[in-house]
Amino acid sequence: MGNAESSQTLNNRFRSDYCGLLNPAREQSTVRLAGWVHRKRDHGGLIFIDLRDHTGISQLVIQPERHELFAQAEHLHIESVICVEGVVVPRAEGAINPKLASGAIEVVLSSLTVESHAQPLPFPVADEVQTSEELRLKYRFIDLRREKIHENIIFRSRIIAAMRHYLEAQNFIEIQTPILTSSSPEGARDFLVPSRLHPGKFYALPQAPQQFKQLLMVSGFPRYFQIAPCFRDEDARADRSPGEFYQLDMEMAFIEQDDLFAILEGMMQHLTTTMSHKRMTQFPFPRISYKEVMNRFGTDKPDLRIPIEIQDVTDLFKDSDFKVFSNNTIQDFCVKALVLKGRGNESRLFYDKADKRALELSAQFGPAYNGLAYIQFREEGPKGPIVKYVLNELPDLKAKLDLETGDVVFFRAGQWAETCKIMGGMRNYFADLFTLDNDELSFCWIVDFPMFEYNEDAKKIDFSHNPFSMPQGEMEALETVPSLDILAYQYDIVCNGIELSSGAIRNHKPEIMYKAFGIAGYSREEVDTRFGHMIEAFKLGAPPHGGIAPGVDRLVMILRDEQNIREVIAFPMNQQAQDLMMSAPSEVTLTQLRELHLKVELPKKDEGKK
RNA sequence: GGAGUGGUAGCUCAGUUGGUUAGAGCGCCUGCCUGUCACGCAGGAGGUCGCGGGUUCGAGCCCCGUCAGCUCCGCCA
């Protein structure tokens, strides 16, 4: 396990040394150790105990001559907490255990105190056998004893310390912002907290300290950071913890996008080189525009390690007789291709499964979608359901996509964003065909996000990201460029297909803000009502500023090769946002409700339960 | 809200075409064992097969419903 305590062992009545750090240098010394009984091997005439603390394991030996000690040890249960005293001795030649850091020595006990008798555990600590997550979460305090997750939590602490260290050296100031604040009209669903002193009114837990950090810029703190808890009442995913998560929230005044990129790249380089053995594929991180990333990878969080890219073949089908394609060559529509080298001779099942996946990916855009067209380039010629319709285009296609015998190309035609997303989903689906190097960190910046997007449901223009982002070209752009073509100083940092953070250069000019909100359909009065305090602040002397807020949990996840965010959080909730250990959420007493002026009205289908 | 996936002993899992008393490894209990390190050996206890209903002479297995877990979509930066 960890070795942070190496030189500074606390010497008291419980221990003088740590199990994992004990070595031949301490031979013949009398030491005190304290920890958990990891394993016990009772030979009848001799007992071995593997004692575990958070640094590792030491082997204790109990000899039969010490009758009282022996009797005590015989009845010890695994995972009991004991404090022992004994002499460090070298192990015999053949008895050295190379698998143990302390394997060259052992401790012959002279005394043993049981601090806590452990009953049989619901699941083993020493054997890290797969255990249902439900059980692990219910007994999280036991689960956290297990080496892998214990190390994750220690690593998390160290990386947060490294972040602080780095940012403080860069003159950042850490400032705490409120946890009880007000509900914000945009973004995710809020967690609400009823107010006792103000009947009928509610606090909200912050989705992020977004407005506070911008106001701190107005207050004249040029560089702010915080390991900030963020609360969002939205459903969980493997990389999205339910309810709450932590961001390294940052904001800086008098900076431009490039300044921020340099600082964050510097920090990421520092963290990855000092905290892991992983390599950054490219440094500084490549920058890819939103439009380009959608065209090439079909997602705004691409895993650049996957060695295939989506290609555009719209132009080839402008005059095609194949209407399925040629109908999609007009403005805002496209025909996209994805080539798999050497996969043209797979079984029918291979293509059918791919087709099925494409249908799943299409489902989110509506029911009336067909599957995935493909052409296999085989020895005997091109093969596939659509070959006969595109014979005219085949030569150009082969030239443009560099197709050879043995390859297969998949097609998708339709509205631009949808088609890109479906093909991006297929690119991820095919990622399994390649071995991705987990020791490679492929960071990139996604830049030039559109400021606005068209909301089909509401039939109006919406902000596509943070409404407080500065439009590129500022007021002039808002007045002269078609709204949907305006770009924002809005960026994401992505690593290996995981979005670490969004950020933006903010809009600190009230007039530009009113104009931008106007394009999204908000009157001056509405903006004043909803964001009055922000606008007000920006009217009273606001510096240009911008920031970002990398997800701490996600960064730890990537650096520790974890597929699930709950593996790097000490006490996470389950997918249904329940804390199985603490039984949260839970009902409260009528008295508590009355005090808060609340009355619970359950949904009908829940009536009659319990 | 929707889709997928598994739910059998404390834990991890097996369970044949629907057929007698539901099995294994680990753990637990008892006994033996002085050099193990996943110690070994012998014996024992431990089961509402998630829950409810149905089909059947007979259901862990088939059908319907339902509950809880995880993954994905919606949602979320």
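Quick note on labels: first sequence line is chain A, next is B, and so on, each numbered from 1.
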* **Partners passing ring-ring contact (aromatic ring centres under 6.0 Å, His included) against A/Y351 (at least two apart in sequence or in another chain)** => A/Y374
* To do: Considering only atom P, compute the distance from B/A14 to B/A24 and round it to an integer number of Å.
  => 16 Å
* To do: Take atom P in B/G2 and the same atom in B/U8, then report the distance between them in whole Å.
  => 25 Å
* May I ask you to check if A/K421 and A/W416 form a cation-pi contact, with NZ or CZ under 6.0 angstrom from the six-membered ring centre and within 45° of the axis? => no
Contacts to RNA chain B from [range], heavy-atom cutoff under 4.0 Å, which residues?
range: residues 231-249 of chain A; value: A/R232, A/E234, A/D235, A/R237, A/A238, A/R240
range: residues 132-144 of chain A; value: A/S132, A/E133, A/E134, A/L135
range: residues 426-434 of chain A; value: none
range: residues 558-573 of chain A; value: A/N564, A/R566

* Contacts of type side-chain contact (heavy atoms from CB on, under 4.5 Å), residue A/A584, not counting sequence neighbours -> A/D579
* **Secondary-structure stems for RNA chain B, with pairs counted as Watson-Crick or G-U when both distances are under 3.5 Å and runs at least 3 long** => B:1-5 with B:69-73, B:10-13 with B:23-26, B:28-32 with B:40-44, B:50-54 with B:62-66
* To do: Would you classify A/S58 as touching base, sugar-phosphate or nothing, given that sugar-phosphate means primed atoms plus P, OP1 and OP2, and contacts are heavy atoms under 4.0 Å?
  => nothing
* To do: May I ask you to say what A/H38 touches in the nucleic acid, namely base, sugar-phosphate or nothing, with a heavy-atom cut-off under 4.0 Å?
  => nothing
State which residues pass salt bridge (Lys or Arg N to Asp or Glu O under 4.0 Å) with [X]; sequence neighbours excluded, sorted by chain then number.
X: A/D249; answer: A/K213
X: A/D462; answer: A/K460
X: A/E128; answer: none

* Asked: What string of B, S and - do you get for nucleotides 37-43 of chain B 5' to 3' if you count protein non-hydrogen atoms under 4.0 Å?
  -> BSB----
Can you name the atoms? Protein N/O to nucleotides 3-7 of chain B N/O, anything below 3.5 Å, with the distance.
none

* Within less than 4.0 Å of OP1 or OP2 of B/U71, is there a side-chain N or O belonging to A/Q575? -> yes
